[in-house]
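Inspection log for the structure reproduced underneath, given as C-alpha cells.
Since this is a predicted model, take the numbers as computed values, not measurements. Quick note on labels: first sequence line is chain A, next is B, and so on, each numbered from 1.
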Amino acid sequence: MAADAFSLLSEPIRRYIHEKRWTKLRPIQHSAIRYILGDNDNYILAARTASGKTEAAFLPILSSVDFSSEGIQVLYISPLIALINDQFARVEDLCKYMDVPVTKWHGEANRAAKDRILKEPRGIVLITPESLEAMFVTKPYNVTYLFSNLKFVVIDEIHSFIGTDRGIQLKSILYRLQEKNGTPFRIIGLSATIGDYDEAKKITGNEARTKVLLDRSKKPLHTEFRYFDGKDETELPPDLIKDIYRHVHANKTLIFPNSRGRVEEVAVKLKKISERVGGHGNFFAHHSSIDKGIREYVEFFAKNSQRENFSISCTSTLELGIDIGSVDEIIQVDATHSVSSLIQRAGRSGRKNEEESNLTLYATSPWSMLQALACWSLYEKDCIESPDIVERPYDILAHQALSIIKGHNGIDYRVLIEKLSSNFAFRNIQRSEIAEIIDYFIGIDFIEKIGHELIVGIEGERIVNNREFFSTFEREINFNVVHNSKVIGNLPFTPQVQSDNNILLAAKIWKIVEVDTEAGKIFVVPALDGKKPTFIGSGVNVHPLIHGEMFRILFSDEEFSVLDEKSNQALKELRKDFRPMSIQNPTTERPLLCMNNRSIIHLFAGTKVTETLRYLMSKRNISALITNNGCSMELSDMDESNSLAIWHSLLLLKDDLDSLLYSSLEETPHLIHIPKWGKHLPEKYKVALIKQKTFDFEGTFQFIANTKLVTTKVLRS
DNA sequence: GACCTGCTGCGGCTTG
C-alpha cells in the first residue's frame, strides 16, 4: 500500500517530494494523505514532536484544493506569532510549484501584505485567534468576503487550546467563520501531546465527523536524573551549577529552570563559570520579560549556529513548536508541572535526522525529584494529564456578545441570542441565561437597546475600542528596564526595584541608577554582581494524575535505572518516611499524621483540589498550610479526632457553597481570582465561574467522600 | 516560591 498515498498526491506536490529527495513518507503523512483525501471529515493528527505533522496536513490539502477560485482557501491558526513566522517559510516552500500566495496575518505582520490580501483574497493565510477576533470586530465586511469560500482550517499545537479560555474563544470564532460559509470547511488539528481525544475532537464542533489519526511511536528518549540538595536556600547549589556547566559547555542546549528569576540565575552563573575557564560566551536567557528584540536575536543565533555551541536558559517561551535548530540536550531544573510540558521540552532536542532526545532532570529537593520521576514515569506509560473543562463559559460568552454586536454595527436582540445559543462553544448555556446576561449589560450601559436593535453602549465602547479586547488573558503591567535608551525587558515594581540595587536581566547584571515611577521606567547600567529578579506570577496547577503517581511510587518497590545514586537515596528516604503509614490501597487511602497537637494530611490530590480544601477549611476558621510541593496539608491545634471530624464536616458545606462564595466575593474580593471577562458579569455568574475555574468543588467533595484517611501516631516531632 | 500566549486604528512625528 506504500505507493498508494504518494500516487494520490497532485503532480506539483509529487514533484516537490522528489526534489526534496524524501525516500519515504512518514507514517502520519501516509495515513493523513489517504484519510484526508478519502472523505470529507475533520481530523486530529496526533504524533510525536518533529514527526512531520505540518506536511501531513498540507500535502493532501494542497493536492485537493482548487486555489484558482476566489477567497482564502486555507486558514492556518497558531497560538504563537513565532510559530507562524517559522511555518510561513515551510508552507511557502511546499507551495513553490503552485501558484498559491501565502500570507502572514498577525499583529507584527507586514501591513502591505495584509492590504494586498484584502484586495485580492486568495491562497493560504496564517493567523492567530486574536487577529481573527480583531478581524471580526474591525473588518466584518472583509471577513465575509475573505472567508466565504474557505475549504480547510489547520489548527497547530491544538493541545494549547483544549481546556483553555483561548480554546473556547477559538471554538466560537470557528462557529462564526462557519456562519459565513455556504459549504462547511474541514478542520485539521495537530499536536504531539493530547491528554483527552474526545475533548480535542470537540474543537471542531462536530465530534461525530472528527477522526483521530494517531501515531503512537515514540522518539527514543535518553533520560538521566541528577540530585543536588538545595537545602531550602533561595539560590541554586553551586555544585549543581558546576554540574550543569560540565553538561552544557561543549553542546547546544536548552535549560528549563521553571521560573523567570531562576532562568536569569542559571544563565548568569553559567556565563561566569565559562568566563573563568575560558569557555564560549554564548549563554542566553529567554522569557516573557525580556525585550522581544533580544529574544529574537537569541532565537536567530540558535538557528544559525552550525559550529558554535550555546546554552539558552528559558521558560516555556521555547517549549512549543518553534524549531530552534539542532539542540543536543535538554536540561530540566526541578520538576515540570505537567507530563505534556516534559514531552514538549524533551522534543526540542534531536529534531534533526531522527536522533534520540537527551534529557537531564535535576532536582534540588526530594519532593521535586519525586514529581519529576512521576512525570517521567507517566510519560513512559503514555499517560498525559487531561485538560480542565469549563462546561459553561459565561465570561467568554459575554465577550463574544460584545464582539458580535460591534462587528455587526448593531444587531437585532433576538438574532444575537439565537447566534449565541446555537454557537457550539456555548452549547451548555441556556438561552434564558444568555438573555439575562445581555439584559444586565443593557442595564450597565455596556449595550444600548434602541427598539429591538442592540449597539455597543457608552461603557461598552471603552472596553471594545481597546487593544486588550481581543484576547482572553490578562497582561502583567511592569516597568521597562532601560539602558542607554534601549529597552532590555521589564520587571514588576517590587521592593527590590530601587536605586543602587543590582539585578539580573537578559543574562546580564545591572545596577539600578534611577526608578521613574511616573513613566514606569527603571534606568540601569552594567554591573558585576547582582541578585535574580523577583516576578509576580500565578502558580501553575499540578494535575491529580501526577500527585497520584507520586503517591503510588512512594508505596511501590519499583526501581528506576534513570536515577543517579543521590536521587535514589532521596527516594529511599521518602519511602522510609512513608512506609510505616499502613496504606493498603494507594488509590483510595491517604495518611493522616498526628503529633504534638498538629496534624498533617498527605493529600496527593492535585493543586486544584488542595486549594479548594484550603478554602473550605478557611470557612471553618482553620488555616491550613500547604507543604511538600503541594502534596500535603498541615493543620495546627488539631488532634486526630478533631482532624477527622473537620474532614468529614467539610462535606456539609456542599449545600452552602453559593452563599459562601457570595460572602467571600463581598468580604475578600481580592483573594478570589475572577477571569478577565467574568469581572463584568452579575454576581451570580461570577460565582458560577469561580465554581468552574478557580476551585473544583465537585472533585473535592468526591475526594473527601472516596478517600479513607488512615491515621498514624508519630511520637517524634 | 509560582509559565505562557496576542493586539486596532489613528494622529502625529521623523526620515529618505
Counting side-chain heavy atoms from C-beta on, which of B/dC7, B/dC4, B/dG9 comes nearest to A/Arg260? B/dC4
Can you check the A/Ile77 CD1 to B/dG6 P distance for me, whole Å? 15 Å
A/Glu108 CD to B/dT8 C1': how many Å, rounded? 14 Å
As a quick check of understanding, evaluate side chain to side chain contact (heavy atoms under 4.5 Å, CB included) for A/Val154 and A/Leu75, giving each step before the final call. CA-CA 6 Å; A/Val154 177; A/Leu75 195 56; over 6 Å; no
Check the orientation of A/Trp376 and A/Phe225. Use parallel for under 30°, tilted for 30 to 60°, and perpendicular for over 60°. perpendicular
Which part of the nucleic acid does A/Gly539 contact within heavy-atom distance under 4.0 Å: base, sugar-phosphate only, or nothing? base
Would you mind classifying the nucleic acid contact of A/Thr472 as base, sugar-phosphate or nothing, using non-hydrogen atoms under 4.0 angstrom? nothing
At under 4.0 Å between heavy atoms, what does A/Thr234 touch on the DNA or RNA strands: base, sugar-phosphate, or nothing? sugar-phosphate
Give one of base, sugar-phosphate or nothing for A/Ile81, where a contact means two heavy atoms less than 4.0 Å apart. sugar-phosphate
Go through the steps to decide whether A/Gln169 and A/Arg166 satisfy the test side-chain hydrogen bond (donor to acceptor under 3.5 Å, both in side chains), and finish with yes or no. CA-CA 5 Å; A/Gln169 178 189 27; A/Arg166 225 180 162 193; 5.5 Å; no
Rounded to the nearest angstrom, tell me the gap between atom CD in A/Glu319 and atom C1' in B/dT5. 12 Å
Report the C-alpha distance between A/Ile117 and A/Trp105 in whole Å, list the side-chain angles of each, state the deciding distance to 0.1 Å, and finish with yes or no for side chain to side chain contact (heavy atoms under 4.5 Å, CB included). CA-CA 10 Å; A/Ile117 200 82; A/Trp105 189 296; 3.6 Å; yes
Rounded to whole Å, please give me the gap between CD in A/Gln344 and P in B/dC4. 16 Å
Hey, which sits more toward the 5' end of DNA chain B by its nearest nucleotide, A/Ala82 or A/Thr138? A/Ala82
Please determine whether a side-chain nitrogen or oxygen atom of A/Thr128 lies at a distance below 4.0 Å from atom OP1 or OP2 of B/dC7. yes
In whole angstroms, how far is the P atom of B/dC3 from the CG atom of A/Leu318? 15 Å
For atom CD of A/Glu468 and atom C1' of B/dT5, their distance in whole Å: 12 Å
Reckon A/Phe473 touches a base, only the sugar-phosphate, or nothing at all at heavy-atom distances under 4.0 Å? base
Please give, in whole Å, the distance from B/dT8 P to A/Asn465 CG? 13 Å
Rounded to whole angstroms, how far apart are CH2 on A/Trp105 and C1' on B/dG6? 15 Å
Does this structure show an ion pair linking A/Lys531 with A/Glu265, if we count only N-O contacts that are shorter than 4.0 Å? no
